[in-house]
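Encoded as structure tokens, the structure appears first; notes follow it.
We name chains A, B, ... by the order of the sequence lines, and we start the count at 1 in each one.
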2 protein chains.
Amino acid sequence: MTLEEVARRAGVSTATVSRVLNNAGVVKESTRRKVLEACRELRYHPNLHARSLAGGKSRTLGMIVSNIQNPFFLDIFCSLESVAFQHNYEVVVEHTDYRPSRLVAAVRSMLGRRVAGLAVIVSEMEPSLIDELSASNIPVVFYDVGHPARNITNIRVRYEKGMQRTVEYLYSLGHRRMAFVGHHAGLDPLHERLRAFLDTMGRYCGEVRYTSAVSSDSPAGGRQAAHQLLASGFEPTAILCVNDFMALGVLRELRERGLSVPGDVSVTGFDNIGISEFTCPALTTVNIPRRRIGEMAFEILVQGQTATANADREILIDPELVVRESTGPAPEA
Amino acid sequence: MTLEEVARRAGVSTATVSRVLNNAGVVKESTRRKVLEACRELRYHPNLHARSLAGGKSRTLGMIVSNIQNPFFLDIFCSLESVAFQHNYEVVVEHTDYRPSRLVAAVRSMLGRRVAGLAVIVSEMEPSLIDELSASNIPVVFYDVGHPARNITNIRVRYEKGMQRTVEYLYSLGHRRMAFVGHHAGLDPLHERLRAFLDTMGRYCGEVRYTSAVSSDSPAGGRQAAHQLLASGFEPTAILCVNDFMALGVLRELRERGLSVPGDVSVTGFDNIGISEFTCPALTTVNIPRRRIGEMAFEILVQGQTATANADREILIDPELVVRESTGPAPEA
DNA sequence: GGAATCGTCGTAAGCGCTTACAGGGGCGGG
DNA sequence: CCCGCCCCTGTAAGCGCTTACGACGATTCC
């Protein structure tokens with residue numbers, strides 16, 4: 001089913017059909033109706049490939065995330081998708097499993113699709129991409145990695161702040177032995193969170209002791225890390241998780257071991273994903289405005305194209321501590 | 001950056017470059033290297049649109065789900081994506097929010113993309129789609145809705161069985177007052193689950209009483225439904241949820257009200273999503289082999305294309321009860 | 001009444017790729 | 001030494017669409 005067949009059926013030229021379908025140019029009302037009628041009868045669906053090849057533009061955005069199973073990334077995707085949908089854009093996601101090689105492949109694939117804009121929300125990084133993307137001439141939003149460059153805007157969350165609040169808060173509750181649970185993808189932003197953790201600890205709590213464990217980014221990974229942590233003999237009074245997703249598993253492991261949260265040990269997450277308030281106990285965490293991040297990404301990619309072109313930008317977001325039930329005073333030694 | 005520029009740079013024709021890039025035809029090793037070299041220097045990325053327009057085929061699959069935030073759908077997507085990735089295919093998702101109108105739009109969009117195959121994993125339905133898809137000549141997999149037709153394979157999960165097991169199990173534990181929590185998208189498969197619930201109840205338990213509540217498909221929705229349920233005065237000893245995602249909220253609401261699970265009331269879910277074993281208490285649920293569904297979808301879409309062409313098929317899956325901690329004997333009256 | 005104007009539409013040239021098909025060297029065999 | 005064949009490569013015709021550009025009849029204006 002092609003444009004030409006529709007044109008033939010409606011007794012007009014392909015140009016006219018195209019005009020009708022794109023609401024471009026002027027078409028007499030009666031011919032418009034004929035064309036639409038023909039489209040319906042023939043169950044015509046325009047070929048998007050031909051369309052964006054000819055038009056040189058596409059109404060689809062690309063988004064690359066590290067782990068789409070993690071609600072944090074998923075939420076950002078949904079948020080972007082939602083705004084995009086309202087503006088008649090589509091967005092295709094790809095995930096990298098935290099592997100730089102897959103990141104590169106995903107970016108290439110997106111460039112191949114000639115997306116109208118690309119949001120890269122990942123933890124891992126591949127330095128060469130910056131140049132490649134910058135040279136590609138399509139607007140790009142990075143989350144947390146890479147500095148801004150031509151066409152590239154960077155949205156950065158100040159993890160230090162969030163981590164600092166968390167540590168201070170736990171410290172004020174009397175916690176002195178803390179542990180950090182992270183995941184394997186030990187690249188920048190994670191190091192960043194861990195570093196922030198250590199920095200703050202060093203600054204505020206001279207006598208504090210810590211340890212850390214890593215596993216995969218999933219509840220099961222969190223559980224495994226917690227297991228490993230507790231098996232090591234170190235007995236933390238508080239466990240800080242790199243994100244809520246893993247914290248789920250940590251909570252589970254603690255319960256399994258008969259440790260009460262927050263009675264015996266306090267637990268904190270990061271991200272404030274939706275289910276973190278449905279855990280038991282509800283998770284104390286650090287909120288990151290995912291909805292806004294998605295919206296901002298859209299604005300930058302689509303609308304900012306003209307508005308702030310070439311205005312190399314970096315957007316900073318301050319996360320905030322959300323205290324719920326999983327944290328409490330440190331147990332008496 | 002086009003094929004032609006690469007060709008010029010490498011001093012060959014576009015046909016040769018194309019051959020190199022697609023590993024098609026024979027090319028002398030030295031020219032192959034020259035071409036690849038040119039590609040690298042020019043940071044060339046083939047235009048996928050042009051490619052699939054010219055080639056008439058694309059290596060991308062489409063997938064439409066009702067609610068991608070629900071881990072059930074997400075898992076199937078990830079599973080499909082994973083196999084697809086191994087075979088060098090990509091898959092683009094779209095979600096409908098349970099709205100038939102969005103389903104139609106999504107299907108059209110996928111047809112417009114000329115996907116190589118389409119998996120429609122949704123609860124809602126729009127009858128006209130069957131014909132439209134069947135006529136489109138691309139392989140399609142439906143989950144749970146629609147009967148098989150030309151090019152269309154249907155994967156059906158026998159909810160009745162799962163529901164039956166669940167009800168029987170609860171009945172054997174002494175439960176007589178049960179409630180059902182569902183969501184708004186009251187279309188076929190959901191009705192199916194509710195119907196299965198009622199059927200079984202009617203058959204096995206003459207004296208059983210029930211009620212049901214619906215809300216949106218999310219933990220928050222589950223919580224709201226539970227709230228509404230308990231506010232109604234009906235005091236169930238068991239709550240069966242249409243899926244695990246909503247069960248999360250039900251558990252939370254019960255805890256909030258000081259009701260112990262399973263001491264005061266038992267709770268069951270459906271789907272066996274990953275986090276259902278990380279809830280507190282761990283959720284008794286019905287497993288649906290999501291991984292296999294994704295894999296089957298791929299086989300049908302890509303490999304079955306030739307193997308079982310035109311062999312109208314329906315695949316049946318029997319779900320199985322997974323007993324965990326959220327169910328127990330009914331409290332003494 | 002003829003020219004200028006406007007609204008409506010058709011013509012045709014690509015967009016960047018794939019792919020028959022043909023062509024042109026190099027080689028071996030007759 | 002010439003023919004045939006095999007390797008390798010180039011030529012060019014599309015794939016289905018968008019979009020300048022121009023054509024054409026119907027108004028309108030002087």
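You'll find that the side chain of B/Thr14 is closest to C/dT18, out of C/dC17, D/dG16, C/dT18. In this structure, of C/dG16, C/dT8, D/dT19, it is D/dT19 that holds the atom nearest to the side chain of A/Ser18. Of the listed nucleotides (C/dG16, C/dC17, C/dC15), C/dG16 has the atom at the smallest distance from the side chain of B/Leu53. In this structure, the nucleotide among D/dA12, D/dT18, D/dC17 sitting nearest to the side chain of A/Asn47 is D/dC17. Of the candidates D/dT19, C/dT8, C/dC17, C/dT8 carries the atom nearest the A/Val26 side chain, counting heavy atoms from C-beta on. Residue A/Lys28 places its side chain closer to C/dC9 than to any other of C/dT18, C/dC9, D/dG10. With C/dC9, D/dC17, C/dG10 as the candidates, the nucleotide lying closest to the side chain of A/Val12 is C/dG10.
Proximity of the aromatic rings of A/Tyr98 and A/His183 is defined here by a centroid distance below 6.0 angstrom, and this criterion is met.
Residue B/Gly112 is classed as having no contact, given no heavy-atom separation below 4.0 Å to the nucleic acid.
Between B/Lys34 atom NZ and D/dG10 atom P there is a gap of 8 Å when expressed in whole angstrom units. Per the geometry, CZ belonging to B/Arg32 stands 10 Å off P belonging to D/dT9, to the nearest Å. Atom P of nucleotide C/dT18 and atom NE2 of A/His49 are separated by 13 Å, given to the nearest angstrom. Going from atom CG of B/Leu48 over to atom P of C/dC15 covers 19 Å, rounded to whole Å. Taking atom CG of residue A/Asn22 and atom P of nucleotide D/dT18, one finds them 5 Å apart after rounding to whole Å. If you take CD of B/Glu5 and C1' of C/dC15, they are 13 Å apart, rounded to a whole angstrom. A straight line from CG of B/Asn23 to P of C/dT19 spans 13 Å, rounded to a whole angstrom. In this structure, CZ of B/Arg51 is placed 5 Å from P of C/dT18, rounded to the nearest angstrom.
OP1 or OP2 of C/dC9 sits under 4.0 Å from a side-chain N or O of A/Thr31. Within the structure, every side-chain polar atom (N or O) of A/Thr16 is placed at least 4.0 Å from both OP1 and OP2 of C/dC9. Distances shorter than 4.0 Å separate none of the side-chain N or O atoms of A/Thr2 from OP1 or OP2 on D/dG16.
With respect to the salt-bridge test (charged N to carboxylate O, under 4.0 angstrom), the residues B/Arg32 and B/Glu29 qualify. We find that A/Arg108 and A/Glu94 are not joined by a salt bridge, their nearest charged nitrogen and carboxylate oxygen being 4.0 Å or further apart. Here A/Arg33 does not pair with A/Glu37 in a salt bridge; the nearest charged N to carboxylate O distance is not below 4.0 Å.
Evaluation of atom-type donor-acceptor distances gives no pair under 3.5 Å for the side chain of B/Arg114 against the base of D/dG16.
Within 6.0 Å of CZ in B/Arg43 there are more than 12 heavy atoms belonging to other residues, nucleotides or ligands.
Ranked by how close their nearest DNA chain C nucleotide is to the 5' end, B/His45 and B/Arg19 are led by B/His45.
Between the side chains of B/His95 and B/Gln69, no donor N or O sits under 3.5 Å from an acceptor N or O.
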